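The analysis underlying the following values was restricted to heavy atoms, covering all of them including side chains, and did not include hydrogens, waters or symmetry mates. When a ligand or atom number is given, it counts from 1 through the structure's own listing order. What you see is a predicted model; the values in this text were computed from it and never measured.
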Amino acid sequence: MAAGHEPVIADSHVNSRASVLPRLEELSGTRIESHAFDLRDVDKTSALFADGHFDAVIHFAGLKAVGESSEMPLEYYDNNLGTTFAILRAMERHGVRTLVFSSSATVYGETERVPMPEELPTSSTNPYGWTKVMQEQILRDVAATGSVQVALLRYFNPVGAPPSGRIGEDPRGIPNNLMPFISRVAVGRRERLQVFGGDYPTPDGTALRDYIHVEDLAAGHVAALQYLSTHRDVQVREWNLGTGHGTSVLEMVAAFEAGSGQTVPYEIVGRRAGDLGAVYADATRAEAELGWRATRTIEDMCTDTWRWQEANPQGYPA
Ligand code: UD1
């Protein structure tokens, strides 16, 4: 919205809360049109497009927990592929040509090559990851007909919150991911962090990831929209959204302690199944082609996460 776009939101709220909406309106100073329904519903999705006169779609709708995806694979395939089918059908039916898709570094599978360039082959080891690989393939095939043009944005590890402290990450139940777990320990909702693996071949033995501030991530989407609108001949293109730098789990804990003034007790335990020692982007393509580069630091990610968590210890109101 700050870049001049007028979004319309559609969300099933299966993993979010509708109470975020008034806060978005407060931050933007305008009313935001939003619709609560499941985007797998082709008729409802198509009806939204019939009314919407949309220029473009940013498709974020998906389940994203690796462990859970092995316990309920059908739910993952149905949700992640089903939303993509309904959105593509609605786009074709209503002549909307531009799609920006939330993909993931998970599509690089088990490669140990770092930094990871976009040219690496894609594969996966779990149902969640396969849904992203499959959605990329579906989007490629549809884009090849010329009916849509698609940006595949491969996110590394999005963390942080806008500096206002009014909105932020509020996972339901026990967080799977590092940053929300750390911030719940810092705010006293969980006792201690378990650090998964202290024996990786990294400087401090803990795993390296490419953490990217959500505000940089958001700017990457705006840059991709801009690129597609000025490169109408491009059918599909993939871009990594990362910083190009790896940060270890213990470095993140130390940065969070410094940024929050809280202690984050932790214990080092065994490796988590399926984890790699080092994952970070080759971020050069996005800079060269989109003119986009991540600018926020690990310190920004920690202080912004803490501002949100401290002011909202229980997350969003129910
Ligand atoms: C994970 C998924 C990735 C998905 C992303 C969604 C795996 C293998 N990858 O990325 O596909 O797109 O989440 O946001 O699950 N860690 C701890 N203790 C914790 C939690 C995490 O030590 O309680 C460590 C992990 O071992 C890892 C790092 O922190 O080294 C980051 O973990 P996490 O935030 O879960 O992200 P990824 O595993 O990189």
Side-chain angles (χ1 to χ4, degrees), residues 15-16 60-71 76 80 101-112 114-116 122-136 152-161 168-186 189-214 217 240-243 245-256 264-281 298 301-302 305:
N15 201 18
S16 63
F60 300 110
L63 302 173
K64 69 152 191 73
V66 173
E68 182 184 73
S69 78
S70 296
E71 286 153 29
Y76 271 68
N80 292 8
F101 176 64
S102 303
S103 189
S104 168
T106 199
V107 301
Y108 297 124
E110 283 192 292
T111 182
E112 306 225 320
V114 281
M116 297 173 170
T122 59
S123 71
S124 189
T125 55
N126 60 78
Y128 159 70
W130 279 119
T131 68
K132 291 292 172 188
V133 174
M134 289 177 187
Q135 285 174 98
E136 284 202 357
L152 303 173
L153 301 184
R154 294 177 176 161
Y155 304 174
F156 279 69
N157 289 61
V159 299
E169 193 173 5
D170 181 25
R172 297 189 175 202
I174 302 171
N176 295 294
N177 298 115
L178 180 65
M179 192 65 141
F181 204 106
I182 289 178
S183 91
R184 285 201 186 167
V185 173
R189 285 175 66 186
R190 304 210 68 86
E191 204 176 323
R192 67 163 54 81
L193 171 73
Q194 292 195 319
V195 176
F196 299 138
D199 58 351
Y200 286 106
T202 60
D204 65 19
T206 65
L208 304 179
R209 291 291 181 277
D210 188 340
Y211 298 96
I212 173 171
H213 196 296
V214 283
L217 196 78
N240 287 336
L241 295 184
T243 65
H245 300 289
T247 300
S248 77
V249 177
L250 291 183
E251 284 171 337
M252 194 55 120
V253 169
F256 202 94
V264 177
Y266 68 85
E267 59 179 331
I268 297 183
V269 300
R271 294 182 180 189
R272 184 171 65 178
D275 272 354
L276 291 168
V279 177
Y280 49 92
I298 291 287
M301 300 176 206
C302 292
T305 298

Undergrad: Can you check whether M252 reaches L250 side chain to side chain, under 4.5 Å on heavy atoms?
TA: no
Undergrad: Could you check whether any side-chain N or O of N177 sits under 3.5 Å from a backbone N or O of M179, counting only pairs where one atom can act as donor and the other as acceptor?
TA: no
Undergrad: Would you say that F196 contacts V249 through its side chain, given a criterion of any heavy-atom pair below 4.5 Å between the two side chains?
TA: no
Undergrad: Test of understanding: with side-chain contact (heavy atoms from CB on, under 4.5 Å), list the residues that count as partners of R192, not counting sequence neighbours.
TA: P265, E267
Undergrad: Contact between R154 and T122 at the side-chain level, heavy atoms closer than 4.5 Å - yes or no?
TA: yes
Undergrad: Who are the residue neighbours of ligand 1 when the rule is a heavy atom under 4.0 Å from any of its atoms?
TA: K64, V66, S104, T106, Y128, N157, N176, N177, L178, L193, Q194, V195, F196, A207, R209, Y211, V249, R272, D275
Undergrad: Decide side-chain contact (heavy atoms from CB on, under 4.5 Å) for Y211 and T243; before the verdict, give the C-alpha distance in whole Å, the side-chain angles of both, and the deciding distance to 0.1 Å.
TA: CA-CA 7 Å; Y211 298 96; T243 65; over 6 Å; no
